[in-house]
Amino acid sequence: MTAVARKQRSARAESLIETKAGPQTAPALLSWYDAGNRDLPWRYGPDETPDPYRVWISEVMLQQTTVKAVIPYFEKFLQRWPTVKALAKADLDEVLGVWAGLGYYSRARNLYACAQVVAKNHKAKLPRSETELLKLPGIGPYTAAAISAIAFGARASPVDGNVERVVARLFAVREPMPASKPRLRALAGTLTPNKRSGDFAQAMMDLGATVCTPKRPSCLMCPLHSQCAAHALGIEETLPGRAIKGERPVRYGSAFLVLREDGHLLLRQRPSAGLLGAMLEVPSTAWGEAWLAKDEACRSAPVHADWWPVAGNVSHIFTHFRLEMQVFRALVPSDVQLHLWAEPDRCRWLHRRDLQGSALPSVMKKIIAHGLKE
DNA sequence: TACTCGTGGGT
DNA sequence: TACCCAAGAGT
């Protein structure tokens with residue numbers, strides 16, 4: 001770009017920053033949304049009445065989770081528990097079993113807890129106001145606003161990562177995340193129309209997901225490009241800025257895959273809170289900062305057996321650390337006794353054919369698959 | 001406030 | 001490969 005062109009572009013951007021995106025933003029975005037509305041299982045057309053339950057389940061599943069990953073889980077969940085009452089009467093283990101693989105399992109526990117509260121205190125109907133929704137387990141500022149706007153048609157401004165990115169670019173907010181969050185929320189609020197605020201929110205999120213993407217945004221396809229200060233400045237791809245992240249630590253552990261002669265595996269339920277809370281696991285040593293020698297590791301084994309080290313390790317990436325697991329395998333008789341330190345009360349024998357549908361997180365399925373190789 | 005809490009796909 | 005990131009909430 002020549003110096004003259006850059007100067008012209010910059011001057012154009014300055015004028016946009018003064019006028020800002022404004023009252024004309026919502027109509028332009030809603031026209032785009034109406035023309036190309038995506039067909040999603042939780043989405044409603046203009047002549048349909050939204051089911052707050054479906055909106056709630058979808059919004060919780062979509063937290064930090066891609067649309068593609070959510071769709072099959074949403075279908076299965078709604079088929080199994082179509083109403084608040086049905087969910088409130090379910091077993092938590094069954095809910096965790098359906099949720100297994102989707103991640104962030106506190107969402108499933110909170111969803112279940114929330115269903116109980118709504119069934120008991122709200123006549124099995126979700127409250128309409130953001131304030132009341134916020135009091136419920138698993139419903140934070142984003143989800144309260146989303147349910148209020150999408151399911152009940154109230155004026156509310158749910159702000160997720162997409163909206164933050166779109167707004168940061170529209171107004172060329174250079175301040176990095178997360179410090180800029182309050183300002184981005186306020187700016188998003190100024191753009192939200194009194195009518196169709198739910199559609200507006202969904203349109204902003206669709207725009208962020210398909211056009212105003214984190215990398216290489218398709219500005220030529222964007223219905224708001226003429227209002228976008230960052231695009232005018234040529235800095236859209238650099239926004240929103242983020243603080244640099246530290247290194248991801250590594251933890252090491254040894255898992256014990258106990259195969260009973262009748263085809264059952266030994267699994268154990270994890271504590272009800274924290275990482276993979278209330279989900280099933282392959283019993284293992286604690287996850288520490290270094291490998292343990294075989295003899296040392298096997299002192300934590302759940303049964304006395306001839307432990308065979310399976311070749312290779314299982315590696316799994318969590319949000320804030322990487323796990324490296326070595327797997328030991330043993331074939332044991334059906335009357336084997338569990339050691340007390342294995343917490344027998346939490347242990348269960350599950351047949352290999354029944355693993356599907358159980359509350360096994362992905363990392364544990366990986367460990368089992370690795371341990372059963374050959 | 002900053003950290004915890006999963007997983008899979010994109011670059 | 002090693003990041004980044006996705007319709008966030010709880011503590």
Side-chain angles (χ1 to χ4, degrees), chain A residues 38 40-43 54-74 96 99-111 113-114 133-151 156-166 177-179 181-182 184-185 188 198-210 212-217 237 240-251 270-279 281 315-323 359-366:
Chain A
R38 290 204 287 174
L40 300 171
W42 47 82
R43 191 158 281 181
R54 292 175 69 92
V55 174
W56 170 44
I57 302 297
S58 68
E59 289 301 340
V60 172
M61 284 189 171
L62 286 162
Q63 288 166 11
Q64 299 290 286
T65 310
T66 56
V67 166
K68 185 183 174 186
V70 164
I71 288 175
Y73 281 87
F74 179 82
L96 292 174
W99 203 277
L102 197 55
Y104 285 138
Y105 300 102
S106 66
R107 293 184 295 176
R109 288 179 262 131
N110 285 330
L111 208 58
C114 187
L133 287 164
L134 260 178
K135 296 176 183 171
L136 296 169
I139 297 183
Y142 164 78
T143 307
I147 295 173
S148 185
I150 297 169
S157 298
V159 177
D160 72 331
N162 289 305
V163 178
E164 284 171 346
R165 184 172 58 257
V166 171
M177 297 269 283
K181 278 173 176 281
L184 296 176
R185 267 199 296 276
D199 287 341
F200 175 75
Q202 293 182 86
M204 288 283 275
M205 294 188 278
D206 275 11
L207 190 74
T210 64
C212 194
T213 47
K215 293 172 185 174
R216 296 176 58 87
E237 213 160 341
R242 291 178 192 279
I244 13 86
K245 294 170 186 173
E247 284 183 23
R248 196 195 306 272
V250 186
R251 294 186 195 170
R270 292 173 60 84
S272 59
L275 183 69
L276 309 175
M279 301 291 286
E281 67 175 356
S315 182
H316 189 79
I317 308 286
F318 291 96
T319 305
H320 50 295
F321 68 94
R322 181 163 61 91
L323 179 65
L360 278 170
S362 295
V363 60
M364 296 301 160
K365 287 183 178 167
K366 271 199 220 176

Select base, sugar-phosphate, or nothing to describe what [X] touches, counting heavy atoms under 4.0 Å on all strands.
| X | value |
| --- | --- |
| A/Arg248 | nothing |
| A/Leu102 | base |
| A/Thr65 | base |
| A/Gly208 | nothing |
| A/Trp99 | nothing |
| A/Leu40 | base |
| A/Gly277 | nothing |
| A/Pro158 | nothing |
| A/Ile139 | sugar-phosphate |
| A/Arg109 | nothing |
| A/Thr143 | sugar-phosphate |
| A/Val67 | base |
| A/Pro361 | sugar-phosphate |

At less than 4.0 Å, is any side-chain N or O atom of A/His320 found next to OP1 or OP2 of B/dC3? Yes or no. no

Interatomic distance where [atom1] belongs to [X] and [atom2] belongs to [N] [whole Å]:
| X | N | atom1 | atom2 | value |
| --- | --- | --- | --- | --- |
| A/Gln64 | B/dG9 | CD | C1' | 15 Å |
| A/Ile244 | B/dA2 | CD1 | P | 12 Å |
| A/Met279 | B/dT7 | CE | C1' | 12 Å |
| A/Arg107 | B/dT4 | CZ | C1' | 14 Å |
| A/Phe318 | B/dC5 | CZ | P | 9 Å |
| A/Met177 | C/dC4 | CE | C1' | 14 Å |

A/Arg107 versus A/Thr65, side-chain donor and acceptor atoms under 3.5 Å: yes

A/Phe321 six-ring centre to A/Arg251 NZ/CZ under 6.0 Å and within 45° of normal: yes

Could one point to a donor on the side chain of A/Tyr104 or the base of B/dG6 with an acceptor on the other under 3.5 Å away? yes

Inter-nucleotide P distance (C/dT11, B/dG6), Å rounded: 14 Å

